[in-house]
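The block underneath contains the structure these notes are about, expressed in structure tokens.
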Amino acid sequence: MRTKIVAGNWKMNLDVRASQTLAQEISEKIEKLETPNTRIIIAPTFTNLYPVYHHTRLDNRVEIAAQNMHQAKSGAFTGEISAEMLQSIGIKTVILGHSERRQYFNETDTALAEKMLTVLNNNMEAIFCFGEVLEERKAEKHFEVVKGQLSNALFHLSANDFKSIILAYEPVWAIGTGETATPEQAQEIHAFVRKVLADKYGKVVADQVSILYGGSVKASNAKEIFSQPDVDGGLIGGAALIADDFVKIIEGIL
Ligand code: PGA
């Protein structure tokens with residue numbers, strides 16, 4: 001059975017105290033929830049990773065992830081963070097390839113391919129994001145775009161490496177816009193991604209990888225999206241900043 005995952009991407013929001021408060025609220029609210037086969041991940045910004053992870057009393061089901069990471073081991077890369085730095089504070093999961101990184105910080109498939117190797121060489125895990133922009137969807141190029149993003153950034157990896165990869169389909173037109181892909185649109189792409197993986201790595205690998213949907217998931221639509229057979233959870237932006245909403249989204253997958 002594939003692992004179900006609800007991950008909150010806090011983006012560039014919340015100062016240290018607000019991050020700790022939100023993490024603790026989420027933790028307290030899930031205390032009474034049974035969450036079999038389900039991972040709950042939150043991704044605060046870099047400066048808040050350590051205090052949230054080490055100085056906040058959290059239910060041990062709440063996992064902490066980073067939002068980005070540089071591919072190099074160390075060196076003259078002003079403003080960047082390495083795998084070793086994340087590892088040194090106990091962080092093992094990192095979001096990579098988020099569309100905001102691609103769009104505003106020129107993150108390329110080539111850089112992502114290198115980042116993936118760094119993740120794997122450091123025994124870390126990636127939540128790898130991909131998805132088409134509106135013009136590509138309108139031109140019906142979304143399948144081609146998604147396949148290209150996956151093959152460019154991931155297909156140099158081995159089948160075994162996919163044990164350390166969570167995929168997140170995030171159509172850019174649905175991120176932060178209030179517009180969500182319909183459950184059918186999400187399912188269609190998720191099934192396609194699984195087929196692309198099966199063609200390259202075999203059905204066993206394709207069937208074991210968790211594929212999350214991201215893009216305006218809310219308490220009101222989570223359950224319907226998560227009910228699709230190939231949707232294994234969500235990567236949540238805005239709604240992850242409100243404890244009640246995030247917990248309702250988690251309930252949507254149980
Ligand atoms: P959103 O963001 O839920 O605010 O649309 C999703 C994401 O960027 O991961």
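Just follow the structure's listing: the first ligand is 1, and inside any ligand the first atom is 1. Side-chain atoms are counted along with the backbone in the values below, which use heavy atoms only and exclude waters and symmetry mates.
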Of all the atoms in ligand 1, which lie at a distance below 4.0 Å from a heavy atom belonging to Leu235?
6 (C), 9 (O)

Does Lys11 come within less than 4.0 angstrom of ligand 1, counting non-hydrogen atoms of the residue?
yes

Consider every N or O of Gly238 and every N or O of ligand 1, then say whether any pair is closer than 3.5 Å.
yes

Say whether, by atom type as modelled, one donor and one acceptor occur between the side chain of Asn37 and the main chain of Arg2 under 3.5 angstrom.
yes

Under 3.5 Å: N/O of Thr177 near N/O of ligand 1
no

Check the orientation of Phe130 and Phe128. Use parallel for under 30°, tilted for 30 to 60°, and perpendicular for over 60°.
parallel

Does the Ser27 side chain pair with the main chain of Asp59, one donor and one acceptor, at a distance under 3.5 Å?
yes

Would you mind running through ligand 1 and noting each atom that sits below 4.0 Å from a heavy atom of Ser216?
1 (P), 3 (O), 5 (O)

Looking at Lys92 and Glu125, does any basic side-chain N land under 4.0 Å from a carboxylate oxygen?
no

Stepwise salt bridge (Lys or Arg N to Asp or Glu O under 4.0 Å) check, Asp244 with Lys248:
CA-CA 6 Å; Asp244 274 335; Lys248 279 194 195 111; 5.5 Å; no

Does ligand 1 have an atom under 4.0 Å from some heavy atom of Ser99?
no

Under-4.0 Å salt bridge between Glu107 and Lys115
yes

Which is it for Ala168 and ligand 1 at heavy atoms under 4.0 Å: side chain, backbone, both or neither?
neither

Is the closest N or O pair between Gly237 and ligand 1 shorter than 3.5 Å?
yes

Proximal ligand 1 atoms for Glu170, defined as those under 4.0 Å from one of its heavy atoms
6 (C), 7 (C), 8 (O), 9 (O)

Between Tyr213 and Gln185, does the side-chain hydrogen bond (donor to acceptor under 3.5 Å, both in side chains) criterion hold? Intermediate values first, please.
CA-CA 10 Å; Tyr213 167 79; Gln185 284 173 323; over 6 Å; no

Proximal atoms of ligand 1 relative to His98 (non-hydrogen, under 4.0 Å):
7 (C), 8 (O), 9 (O)

Sub-4.0 Å heavy-atom approach of Gly215 to ligand 1:
yes

Where at least one partner belongs to residues 134-164, residue pairs that pass ring pair (Phe, Tyr, Trp, His ring centres under 6.0 Å), sequence neighbours excluded
Phe143-Phe192, Phe155-Tyr201, Phe162-Tyr201

Gly176 versus ligand 1: do any nitrogen or oxygen atoms come within less than 3.5 Å of each other?
yes

Considering the heavy atoms of Ala174, write down every atom of ligand 1 situated less than 4.0 Å from one of them.
5 (O)

List the steps and the verdict of side-chain hydrogen bond (donor to acceptor under 3.5 Å, both in side chains) for Ser210 and Asp232.
CA-CA 6 Å; Ser210 297; Asp232 305 308; 4.7 Å; no

